[in-house]
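Here is the structure we will look at, set down as structure tokens.
All values below were derived from every heavy atom in this structure, side-chain atoms included, with hydrogens, water molecules and symmetry-related copies excluded.
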Amino acid sequence: MSPVLDIQDLSVVFHTPQGDLHALRKVSLTLEPGEILALVGESGCGKSVLCRAVCGLLPASASVRAEGLTLDGVSLLPPEERRLRRLRGRVCALVLQNPAAALCPTLPVGRQIAGAVRLHAPRLSRGEVRRRVGELLEQVGVPRSRAGEFPCALSGGLCQRCALAIALAGEPKVLLADEPTTALDVTVQAQILDLLEELRRTLGTAVLLVTHDLGVAAQTADRVAVMYAGRVVETGTAEEIFADPRHPYTWGLLRSLPGRGGETLYSIPGSAPSPLHLPPGDAFACRNEYALAIDYEEEPPMFPVTKTHAAATWLLDPRAPRVTPPLGGALHD
């Protein structure tokens, strides 16, 4: 089965008055039909930029380069607005993390969903559009009776569900969910994650779930990709990432979880480098207590661990010294 989303060596540079900002650096990812892939990492690592690059929603100041960028078998290179408009909503839909910003405050949510329905099915009658809006609301767990209400009258969770209904109006094959649970309380967060799982199961929708919450990734994802400073530094199945992490940055993220790093909550020292002034070698070297001399000179390639697991760290090079990860277990088998 071919991936519904195939990204090969995608780089995005923003040209600013201060210089070139390297937001993405040769990112390669695939997303299979019906799969949930969690994209995790600290704020500013490029997760949201990746989603917007796939949808062609980057500003004019951005330059995009890639070896390949394919959505449902259609190449997005070179990016053409006419082609992207045909794909947005019908093949790929984006759900933003702030539903209050995604919804128009001056229109009832039902009218906003109806607008999306008409965009993708312009020949439907008024009655058919009304029925479709009701179906979408029920699909995301919102009573049909709330269609006439304005966003300000709805809770954050209901607004996020309505934003999901708009995204699902075109029955997309790929859903890019950019931190859809960040502004929600724990109970509503669990409901939204259950909804994403149901969409995957019933509609076969593939989901790229952007999150900084490793607990969300562990609960929901089939595979996990860890990003740092615009680059994917580790990727594997959820079980491999959480049970056998290989990159020091992933170790730090997992140690930061309550109960994983000991009695004292662990914090990765330092901060991520500015994408305007990336250091030579491995961008994580200055925060990596296990860094080798080569880390400050040369960026590591992705070393395979298994057929589904790889990490970009020189510690996986056969010549590297044996290191015992802080989470237990040895790095070299």
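- Closest approach of P300 and A312 over heavy atoms only: CG-O, 3.4 Å.
- Side-chain atoms of T313 never come within 3.5 Å of backbone atoms of L316 as a donor-acceptor pair (strictly under, hydrogens ignored).
- E197 and T220 share no donor-acceptor pair across their side chains, judged by distance under 3.5 Å alone.
- Taking hydrophobic clusters as Ile, Leu, Val, Met, Phe, Trp and Tyr residues chained together by side-chain heavy-atom distances below 4.5 Å, M302 does not share a cluster with L278.
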* **Verdict with supporting geometry, F14 and V49, side chain to side chain contact (heavy atoms under 4.5 Å, CB included)** => CA-CA 10 Å; F14 291 101; V49 173; 4.1 Å; yes
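- T70 places no side-chain N or O within donor-acceptor distance of the main-chain N or O of G73, the cut-off being under 3.5 Å.
- Rounding to the nearest 0.5 Å gives a distance of 6.0 Å between CD1 of I268 and OH of Y266.
- Side chain of Q139 to main chain of L136: no donor-acceptor pair is present (N/O by atom type, distance under 3.5 Å, no hydrogens or angles).
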* **CA sep, side-chain torsions, deciding dist, call: L76, L84, side chain to side chain contact (heavy atoms under 4.5 Å, CB included)** => CA-CA 8 Å; L76 302 182; L84 288 166; 4.0 Å; yes
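- A 4.5 Å side-chain heavy-atom check between T30 and L5 finds every atom pair outside the cut-off.
- Looking only at side-chain heavy atoms (C-beta outward), C45 and Y228 stay at 4.5 Å or farther from each other.
- Heavy atoms from other residues, nucleotides or ligands lying under 6.0 Å from CZ of R130 number 12 at most.
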* When you look at D72 and K173, which way does the salt bridge (Lys or Arg N to Asp or Glu O under 4.0 Å) test go after all the steps? -> CA-CA 8 Å; D72 195 30; K173 296 183 178 181; 3.0 Å; yes
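- For the pair I166/L103, a side-chain contact is recorded, criterion being any heavy-atom separation below 4.5 Å from C-beta on.
- Looking at every heavy atom in both residues, P279 comes nearest to P273 through CD-CB, 3.8 Å.
- One finds the CG atom of D178 at 8.0 Å from the NZ atom of K47 (value rounded to the nearest 0.5 Å).
- Using a 4.5 Å heavy-atom cutoff, the side chains of L175 and L196 are in contact.
- Summarising the geometry, atom CG belonging to L69 is positioned 11.0 Å from atom CG belonging to L29; distances are rounded to the nearest 0.5 Å.
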* To do: Might you work through the side chain to side chain contact (heavy atoms under 4.5 Å, CB included) test for V95 and Q160, ending with a clear yes or no?
  => CA-CA 9 Å; V95 179; Q160 190 62 281; 3.5 Å; yes
* Would you please test L209 and L39 for side chain to side chain contact (heavy atoms under 4.5 Å, CB included) and show each step? => CA-CA 6 Å; L209 177 62; L39 195 60; over 6 Å; no
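- The residues E299 and R25 are annotated as salt-bridged, a charged nitrogen and a carboxylate oxygen being separated by less than 4.0 angstrom.
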List, one per line, each side-chain donor-acceptor pair under 3.5 Å for residues 53-64, sequence neighbours excluded.
{"from": "S63", "atom 1": "OG", "to": "H15", "atom 2": "NE2", "distance (Å)": "2.6"}

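- Of all heavy-atom pairs spanning G19 and L276, the tightest one is O-CD2, 3.6 Å.
- Comment: R111 does not engage E149 in a salt bridge, judged by the lack of any side-chain N to carboxylate O separation of less than 4.0 angstrom.
- To the nearest 0.5 Å, atom CD of residue E80 and atom CZ of residue R85 are 12.5 Å apart.
- For the pair V233/M227, no side-chain contact is recorded, criterion being any heavy-atom separation below 4.5 Å from C-beta on.
- Summarising the local packing, CD of E135 is surrounded by more than 12 heavy atoms from other residues, nucleotides or ligands at distances under 6.0 Å.
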* Go through the steps to decide whether D9 and S28 satisfy the test side-chain hydrogen bond (donor to acceptor under 3.5 Å, both in side chains), and finish with yes or no. => CA-CA 5 Å; D9 287 344; S28 295; 3.3 Å; yes
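- In this structure, L124 and V117 have side chains that are in contact, with non-hydrogen atoms separated by less than 4.5 Å.
- Listed by chain and residue number, E81 satisfy the side-chain hydrogen bond (donor to acceptor under 3.5 Å, both in side chains) test with R88 (two or more places apart in sequence, or in another chain).
- Checking side-chain atoms of W251 against main-chain N and O of P245 turns up a donor-acceptor pair under 3.5 Å.
- Summarising the geometry, atom CG belonging to D6 is positioned 10.0 Å from atom CG belonging to L31; distances are rounded to the nearest 0.5 Å.
- Residues E42 and R287 are paired through a salt bridge, judged by an N-O separation under 4.0 Å between the basic side chain and the carboxylate.
- A salt bridge links R144 to E138: at least one charged side-chain nitrogen sits closer than 4.0 Å to a carboxylate oxygen.
- The two residues C104 and P151 come nearest to each other via the heavy atoms O-CG, 3.4 Å.
- Within the 4.5 Å cutoff, the side chain of D317 has no heavy atoms near those of the L315 side chain.
- At a threshold of 4.0 Å, the pair R200-D222 counts as salt-bridged, since one of the basic side-chain nitrogens sits closer than that to a carboxylate oxygen.
- Looking only at distances, no side-chain donor or acceptor of E298 sits under 3.5 Å from a matching main-chain atom of G281.
- Contact record, E234 with T250: OE1-OG1, 2.6 Å, taken as the closest heavy-atom pair.
- Ring orientation note: the planes of F303 and W314 are nearly perpendicular, at an angle over 60° on the 30°/60° scale.
- The closest side-chain heavy-atom distance from H309 to R246 is below 4.5 Å.
- By the rule that hydrophobic residues join a cluster once side-chain heavy atoms approach within less than 4.5 Å of another member, I36 and L195 end up as members of one cluster.
- For the residue pair L37 and A225, the shortest heavy atom distance occurs at CD1-N, 4.1 Å.
- The residues E171 and R90 are annotated as not salt-bridged, no charged nitrogen and carboxylate oxygen being separated by less than 4.0 angstrom.
- Interatomic distance, C162 SG to L164 CG, rounded to the nearest 0.5 Å: 9.5 Å.
- Both L253 and I241 are assigned to one and the same hydrophobic cluster, defined by single-linkage of ILVMFWY side chains at heavy-atom distances under 4.5 Å.
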* Assess whether side-chain hydrogen bond (donor to acceptor under 3.5 Å, both in side chains) is satisfied between E179 and H212, documenting all intermediate values. => CA-CA 8 Å; E179 304 208 32; H212 63 268; 2.8 Å; yes
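- A single hydrophobic cluster is seen to contain both V174 and L77, as judged by linkage of ILVMFWY side chains at heavy-atom distances under 4.5 Å, directly or through other members.
- Linking ILVMFWY side-chain heavy atoms closer than 4.5 Å, directly or via other members, places L96 and L119 in two distinct hydrophobic clusters.
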